[in-house]
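Just follow the structure's listing: the first ligand is 1, and inside any ligand the first atom is 1.
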Amino acid sequence: MKSNNLALFGGQKAVTLPIPSWPRIAEEEIAAVVKQMLAGSLSEVFRSGIIAEFEDAFAKYQGRKYALSFSDGTASIHAAVFAAGVGPGDEVLQTSNTWISAINAIMHGNGIPIFCDIVPDGFTIDPDEIRRKAGPRTKAVIVTHLWGVPAEMDEVLEAAEEKNLVVIEDCSHAHGATYKGKKVGSIGDMGCFSLQASKSIVAGEGGVMVTDERRLYERAMLPGHHDARLGQELTLEETKRYATAGMYWKYRASPIGIALANAQLKHLDEWTRNRRQNREYLKKQIEDIKFIVWPKIPNYVELGFYGTPVFYDQKAADGIPRDVFIKAMSAEGVPLSTGYRVWYLEPLFQDQFFYGRGCPWSCPYADRHIKYNPGDLPRTEELAQKTIIIPMQHFINPCKEVMDQYAEAFHKVAKNIGKLASIRVD
Ligand SMILES: Cc1ncc(COP(=O)(O)O)c(C=O)c1O
């Protein structure tokens, strides 16, 4: 029997089994990357080779007409913002509760981010906020399926239609997740995915955007793809004339990374099923811990993974701060983390420091001067205090034994929570 003494105080760690490393680098990934290197094809300026193969496979997986690969997920969002027709003075709705680059992509597209609060006890955009916050200059809404939890897409689409907005889904945490039987990324006008090394399938660094609309596909190609590909693919009057010069941030994906993602894509559904099963198993084991509150997931969605979120109820944990709990769990061998900062309170947004001279906020084309204040999004601000992320993307096989040890760690720290009163975390 293992000791009940907390590892933080020198006791034996609850988790002794090795945690699978992520991303998986198995024979299959190695073979795919080596094959790509031996083919001598380290850059594809046309839509050709492994890039075309992956884009075809990803479009098919998503059930969409077009997939366009990128150097990273941020680039795919920037290109989607451009494709949506956002220009100087235009506004884009976005949650603050997301990774910062998915907000900065709006500013790179010359747009002004308008922050929307999230649904009660959830993580994703509140559709009523879309109605409340959209103004005459609002062109698009970015809907992030945060921590793999799909947003309420029926209501989002309804609100977006009322306000005539382009819907960009950010699926960087939610590869393989579904909403009412549809894959996320295939519901709005465009779906963007990061393939960065910590995501559900990886290119190391990479991204991909999907859409059914030729016009959006062609426009999204302009900011970052090479004139070779632009010349090969652009057909519309509004895009073709710029094919020679392009717009050139250079957002092409690396074929080596894409070879890796292409090998992993074949396993995505199986891995996602196993991750869900591991999550369910862990949840059942620790549901009795009153200060760990599991979000309610409607039965019409299936989760994707980038960790899995729970809420920490500090009052129910005898007042022990979340970061102290995380420190104790980490000592037991469960590396928990917190969610995102409240970005609009950061100096970048408070100082409106971006392109200098206040742009894009005070751009002469803007109709109103947006400012961001504490208290703007009460649910988002509360969420930032109570989210805990349990790593889950590592567990692509049934991992009952490790989940048992995770559960043991949670129970051990819960039983000893009062002993953490003297611990401080800077
Ligand atoms: C929600 C979300 N959107 C976008 C991105 C950007 O992806 P990338 O890091 O590939 O640029 C990330 C990356 O972590 C993310 O978490």
Exercise. Could you walk me through whether Arg215 and Leu236 pass the side-chain contact (heavy atoms from CB on, under 4.5 Å) test, one step at a time?
Key: CA-CA 7 Å; Arg215 180 169 175 271; Leu236 304 173; 3.9 Å; yes
Quiz item: Identify the closest protein heavy atom to atom 10 (O) of ligand 1: which residue and atom is it, and at what distance?
Solution: Ser194 OG, 2.7 Å
Exercise. Answer with side chain, backbone, both or neither: which part of Tyr340 has a heavy atom less than 4.0 angstrom from an atom of ligand 1?
Key: side chain
Exercise. Please identify which atoms of ligand 1 are closer than 4.0 Å to at least one heavy atom of Ser101.
Key: 5 (C), 6 (C)
Quiz prompt | Asp227: side chain to side chain donor-acceptor pair (under 3.5 Å) partners, not counting sequence neighbours | solution = none
Self-check item: Those atoms of ligand 1 less than 4.0 Å from some heavy atom in Gln196
Solution: 10 (O)
Exercise. Begin with the C-alpha distance, continue with both residues' side-chain angles, and end with the deciding distance and a verdict on side-chain contact (heavy atoms from CB on, under 4.5 Å) for Phe82 and Met221.
Key: CA-CA 10 Å; Phe82 174 79; Met221 212 179 293; over 6 Å; no
Practice problem: Quick one: list whatever passes ring pair (Phe, Tyr, Trp, His ring centres under 6.0 Å) with Tyr242, sequence neighbours left out. | Solution: none
Quiz item: Taking the six-membered ring of Tyr61 as reference, does the NZ or CZ atom of Lys183 fall below 6.0 Å from its centre and within a 45° cone about the axis?
Solution: yes
Quiz prompt | Partner of Phe311 by ring-ring contact (aromatic ring centres under 6.0 Å, His included), out of Phe291, Phe123, Trp294 | solution = Phe123
Exercise. Report yes or no: does a heavy atom of Lys199 sit under 4.0 Å from some atom of ligand 1?
Key: yes
Quiz item: Do Asp90 and Lys139 pass the salt bridge (charged side-chain N to carboxylate O under 4.0 Å, His left out) test, and can you show the C-alpha distance, the side-chain angles, and the key distance before you say yes or no?
Solution: CA-CA 6 Å; Asp90 290 336; Lys139 284 272 171 58; 2.7 Å; yes
Quiz item: Is it the side chain (CB and beyond), the backbone, both or neither of Glu205 that lies under 4.0 Å from ligand 1, heavy atoms counted?
Solution: neither
Quiz item: What do you reckon, does Gly73 have a nitrogen or oxygen under 3.5 Å from a nitrogen or oxygen of ligand 1?
Solution: yes
Exercise. Considering heavy atoms of the protein only, find what lies nearest to atom 16 (O) of ligand 1 and give residue, atom and distance to 0.1 Å.
Key: His173 NE2, 2.8 Å
Quiz item: Any idea which atoms of ligand 1 are less than 4.0 Å away from a heavy-atom of Thr74?
Solution: 6 (C), 7 (O), 8 (P), 11 (O)
Exercise. Go through ligand 1 atom by atom and flag the ones less than 4.0 Å from a non-hydrogen atom of Thr98.
Key: 1 (C)
Quiz item: Should the heavy atoms of other residues, nucleotides or ligands under 6.0 Å from CG of Asn164 be counted, would the total exceed 12?
Solution: no
Quiz item: Nearest to atom 5 (C) of ligand 1 by heavy atom, Phe70, Trp99, Tyr306: which?
Solution: Trp99
Practice problem: Pull out every atom of ligand 1 sitting under 4.0 Å from any heavy atom of Asp170, numbered as shown with elements. | Solution: 1 (C), 2 (C), 3 (N), 4 (C)
